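Note that this is a predicted model, so its numbers are computed, not measured.
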Amino acid sequence: MSTPTTDRPLTRPLTALPDGANPYSTARTVRTGDVDTGRRLRLDGVARYLQDIGTDNLAAVGAADTDPLWIVRRTVVDVHRPAEYGRTLRLRRWCDALSTRWANVRVRLDDPDDAPDGPLIETAAFWIDIGPTTGAPTRISDGLFEHMSRYAQDTRLKWKAWLPDRAPDEVDDERDFPLRATDLDPFGHVNNAVYWHCVEEVLPLRPDIPEAPYRAVIEHLRPIAAGETLTLRTSLREDGLTVWFTVEDHTRAVAWIARNPDALRWTP
């Protein structure tokens, strides 16, 4: 099976924060509930920070009522220098591309004092605006669209999958991941951060990966609902791993993690 590293968008560097930009900013301190045994901020912790700053950002610009509900289709996390327990992180959020119903939103997590050796985690997430009554993609409100397009390089953003949606017949590791009541959101679906719990569960198969830099990507295909049996099917590669989130052999999401892929050319 060919690996997805030949897909150029998968290893493309994330966009830089525009010069002179003043994005929405907040801070978080890394606490015990978000770190592993080595005191590293886990990927599910990063996902929770992204969800929280998104909610706070909507409230700050007066869009909590007009555009209250969003789902994530893809998340990219570039860990240049990991954050550790006790660190206070500055989070800055801006949109670098959007269309009428979805947006690619960047969040940078770094040291508030710009320490050259401080933590640095760059993220991008493809968010879809969902109508609270229809449950379908809906138009971004005019006011929020104007606000989000301030730093956008593309206002005709289109979706294109980066990862293969089918697992090979043979994988290197296969395990069930029992779901808990606390894994579900108000809609009865598995919360986005839980998918990153699954990634953390299989990372010990490649213990070198968390020794940054590395990139992790998750693409969501269909939600996982309460009562379903989730199986993780993982293929190991020289540079990382790919894991398929499957329910009765149907793929619901795919994650790809690679340590220091040469094509990334990160420029923090």
Check whether any side-chain heavy atom of [X] lies under 4.5 Å from a side-chain heavy atom of [Y], and answer yes or no.
X: Asp176; Y: Leu232; answer: no
X: Val76; Y: Arg215; answer: yes
X: Pro82; Y: Pro210; answer: no
X: Val243; Y: Asp173; answer: no
X: Glu211; Y: Arg259; answer: yes
X: His189; Y: Leu184; answer: no
X: Val217; Y: Leu10; answer: yes
X: Thr229; Y: Val247; answer: no

Side-chain heavy atoms under 4.5 angstrom apart, residues restricted to Ile, Leu, Val, Met, Phe, Trp, Tyr: same cluster for [X] and [Y]?
X: Ile53; Y: Trp127; result: no
X: Trp162; Y: Ile71; result: no
X: Val105; Y: Leu109; result: no
X: Val202; Y: Ile224; result: yes
X: Ile257; Y: Val194; result: yes

Could you list all the ring pair (Phe, Tyr, Trp, His ring centres under 6.0 Å) pairs where at least one residue sits in residues 136-159, not counting sequence neighbours?
Phe126-Trp159
Got a salt bridge between [X] and [Y], using NZ or NE/NH1/NH2 to carboxylate O under 4.0 Å?
X: Arg92; Y: Asp110; value: yes
X: Arg93; Y: Asp56; value: no
X: Arg156; Y: Asp154; value: no
X: Arg139; Y: Asp129; value: no
X: Arg40; Y: Glu200; value: yes
X: Glu84; Y: Arg39; value: no

Taking the side chain from [X] and the backbone from [Y], do they hold a donor-acceptor pair closer than 3.5 Å?
X: Ser99; Y: Arg101; answer: no
X: Asp67; Y: Ser141; answer: yes
X: Trp102; Y: Val72; answer: no
X: Arg233; Y: Val171; answer: no
X: Trp256; Y: Leu163; answer: no
X: Arg90; Y: Asp111; answer: yes
X: Arg252; Y: Pro223; answer: yes
X: Thr75; Y: Ile218; answer: no
X: Glu228; Y: Ala225; answer: yes
X: Arg42; Y: Gly33; answer: yes

Find the distance between [atom1] ([X]) and [atom2] ([Y]) and round it off to the nearest 0.5 Å.
X: Thr251; Y: His220; atom1: OG1; atom2: NE2; result: 13.5 Å
X: His80; Y: Tyr214; atom1: NE2; atom2: OH; result: 11.5 Å
X: Ile209; Y: Leu203; atom1: CD1; atom2: CG; result: 5.5 Å
X: Thr100; Y: Ile140; atom1: OG1; atom2: CD1; result: 7.0 Å
X: Asp117; Y: Leu120; atom1: CG; atom2: CG; result: 11.5 Å
X: Phe177; Y: Leu230; atom1: CZ; atom2: CG; result: 7.0 Å

At their closest point, which heavy atom of [X] faces which heavy atom of [Y], and how far apart are they?
X: Leu69; Y: Pro132; value: CD2-CA, 4.3 Å
X: Pro112; Y: Leu89; value: CG-C, 4.4 Å
X: Met148; Y: Ala103; value: CE-CB, 3.4 Å
X: Asn104; Y: Leu157; value: N-CD2, 3.5 Å
X: Thr138; Y: Ile130; value: CG2-C, 3.7 Å
X: Trp196; Y: Leu43; value: CE3-CB, 3.6 Å

Could you tell me if Arg150 sits above the aromatic ring of Trp94, with its cationic atom closer than 6.0 Å to the ring centre and no more than 45 degrees from the axis?
no
Flag for [Y]-[X]: side-chain donor and acceptor within less than 3.5 Å:
X: Asp185; Y: Asn191; answer: no
X: Tyr49; Y: Asp34; answer: yes
X: Asp172; Y: Thr234; answer: no
X: Thr231; Y: Arg175; answer: no

Using 30° and 60° as the class boundaries, would you call the ring planes of Phe245 and Tyr195 parallel, tilted or perpendicular?
tilted
Just wondering, are more than 12 heavy atoms of other shown residues or ligands nearer than 6.0 Å to CD in Glu174?
yes
Between side-chain atoms of residues 22-31 and protein atoms elsewhere (two or more places apart, or another chain), which donor-acceptor pairs fall under 3.5 Å?
unit_1: Ser25; atom_1: OG; unit_2: Leu91; atom_2: O; d: 3.4
unit_1: Arg28; atom_1: NH1; unit_2: Asp52; atom_2: OD2; d: 2.7
unit_1: Thr29; atom_1: OG1; unit_2: Thr88; atom_2: OG1; d: 3.1

Test side chain to side chain contact (heavy atoms under 4.5 Å, CB included) applied to Glu219 and Arg73, step by step
CA-CA 6 Å; Glu219 289 187 343; Arg73 187 72 195 273; over 6 Å; no
The test is side chain to side chain contact (heavy atoms under 4.5 Å, CB included); show your working for Leu98 and Ser149 and say whether it passes.
CA-CA 7 Å; Leu98 76 167; Ser149 61; 4.0 Å; yes
